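A short write-up of the structure that comes next.
In this text, all values refer to a predicted model and were calculated from it rather than measured experimentally. In what follows, chains are A, B, ... by sequence order, proteins preceding strands, each numbered from 1.
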Protein chains: 2
Amino acid sequence: MWPRDRKLRKLDECPYYLVSRASLLMTATLKKTFAGAGIRGLRPSYLVVLWCLWQRDGQKMIQLARCAGLEPSTMTGLLDRMERDGFVTREPAPQDRRAMHIQLTDKGLGVHDTAMRMMDETLSMLFMGIPLEEIDIAARVLRRIISNVRGTTGESTGR
Amino acid sequence: MWPRDRKLRKLDECPYYLVSRASLLMTATLKKTFAGAGIRGLRPSYLVVLWCLWQRDGQKMIQLARCAGLEPSTMTGLLDRMERDGFVTREPAPQDRRAMHIQLTDKGLGVHDTAMRMMDETLSMLFMGIPLEEIDIAARVLRRIISNVRGTTGESTGR
DNA sequence: TACGTATTATTCGCATACATACTATCCGCT
DNA sequence: AGCGGATAGTATGTATGCGAATAATACGTA
């Protein structure tokens, strides 16, 4: 529980600052790692979508949005770029004429191993000098924050 | 240290996903809290700048950028909006004709107490059910991530 | 079957962030 | 004094994300 009486003296004592800054820096780092790995056009933001499709190829946009935790309006632009960069194809879904059927291209599928390796490498660098035990606690804290927000926004259990 | 042999099965086992998602959700939550507190036009992104100015009013843009960890080009737009919304004034600095002197308005100064209270309230909600001990560990992990990135980007010690 | 509602995706406007290129100014050194 | 490099800030283009409004389609129910 956050202690009401804790005074924030410096910026880096504020959890909100820490999470925001870490997020931006981790993204920038990942971007550089990708750039140096010879994968043309792969961006950190593509990862959540690729991840969903690697698990199960061929999904509707709305499914990807829910899986990635992004708004549908955000997915539109994201998929525009992913299509432009050759990672996915977007076709009208056969059963539902409202829906779009998103599928991996060969490039999108083939990039899996390298992307995972790059992610691993990046995480190794980012977590340098931090005991694994603390990394796992931090992950648990973040998961709880996420579920705390979902719980109070009137969302059902994130399905 | 991040274990190389750890396989990421689900998205929420990936620290990068957790930090990004938490960052977005925390920002959205803070935004809602501000909106409900009757402070006209206060946004989460303004906080870092206000924080720096609350500590010491009257700074150059470049100082604010360094303090906040943002690029100068980002500060330009941010200060445009903060000026527009009445939190700061931007005047040419007297000693250095290249520089801009950023100062709090009455509104910018007066919003301090409410903003801190709202931040406190938001953090209480976000950290619901998490032991303080774990929050502090998570904060330490994030600080270390941040310094790890700064350390390898060729930046000096964040001055 | 037809109507009303829900769902799916897109468009638009805005905010936030970066990199790059540019202008203006300052400062050290000759 | 003046030249060259460093510094401060802005402009521009792109990426990423949200919310509100819109269009098209699907579906339950009368």
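- Side-chain atoms of A:T89 and A:I102, non-hydrogen and from C-beta on, never get closer than 4.5 Å to each other.
- Checking B:L78 against A:A28, the closest nucleotide of DNA chain C that is more toward the 5' end is the one next to B:L78.
- Distance B:L25 CG to D:dG17 P: 12 Å, rounded to the nearest Å.
- When the P atom of D:dT25 is taken as reference, atom CZ of A:R97 falls 5 Å away, rounded to whole Å.
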Output a table of donor-acceptor pairs, distance under 3.5 Å, between side-chain atoms of residues 42-55 of chain B and any protein atom two or more places apart or on a different chain; print 'none' if there are none.
{"residue": "B:Y46", "atom": "OH", "partner": "B:D85", "partner atom": "OD2", "Å": "2.6"}
{"residue": "B:W54", "atom": "NE1", "partner": "B:G108", "partner atom": "O", "Å": "3.0"}
{"residue": "B:Q55", "atom": "NE2", "partner": "A:R9", "partner atom": "O", "Å": "3.1"}

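- With hydrogens and angles left out, the side-chain atoms of A:Y16 and B:T27 include a donor and acceptor closer than 3.5 Å.
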task = Decide yes or no on side-chain contact (heavy atoms from CB on, under 4.5 Å) for A:L25 and B:I145, but give the supporting numbers first.
result = CA-CA 9 Å; A:L25 289 175; B:I145 290 174; 5.9 Å; no
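- At the heavy-atom level, B:S45 lies under 4.0 Å from the strands shown only through sugar-phosphate atoms.
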ask   = In B/S/- notation, 5' to 3', how is nucleotides 5-14 of chain D contacted by protein heavy atoms closer than 4.0 Å?
value = -BBSSBB---
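- One finds a salt bridge joining B:D136 and A:R6 here, because a Lys/Arg side-chain nitrogen approaches an Asp/Glu carboxylate oxygen to under 4.0 Å.
- Using a distance-only test at 3.5 Å, with no hydrogens or angles considered, a donor-acceptor pair links the side chain of A:T105 to the main chain of A:F87.
- Atom CG of A:L30 and atom C1' of D:dT16 are 15 Å apart (whole Å).
- With DNA chain D read from its 5' end, the first of the two nearest nucleotides for A:G69 and A:Q95 is the one closest to A:G69.
- Annotation: side chain of B:Q63 is in contact with side chain of B:R56 (closest heavy-atom distance under 4.5 Å).
- On the nucleic acid side, DNA chain C has its first and last nucleotide under 4.0 Å of a heavy atom of chain B at C:dA15 to C:dC26, going 5' to 3'.
- Using a 4.5 Å heavy-atom threshold, the side chains of B:L132 and A:M1 count as separate.
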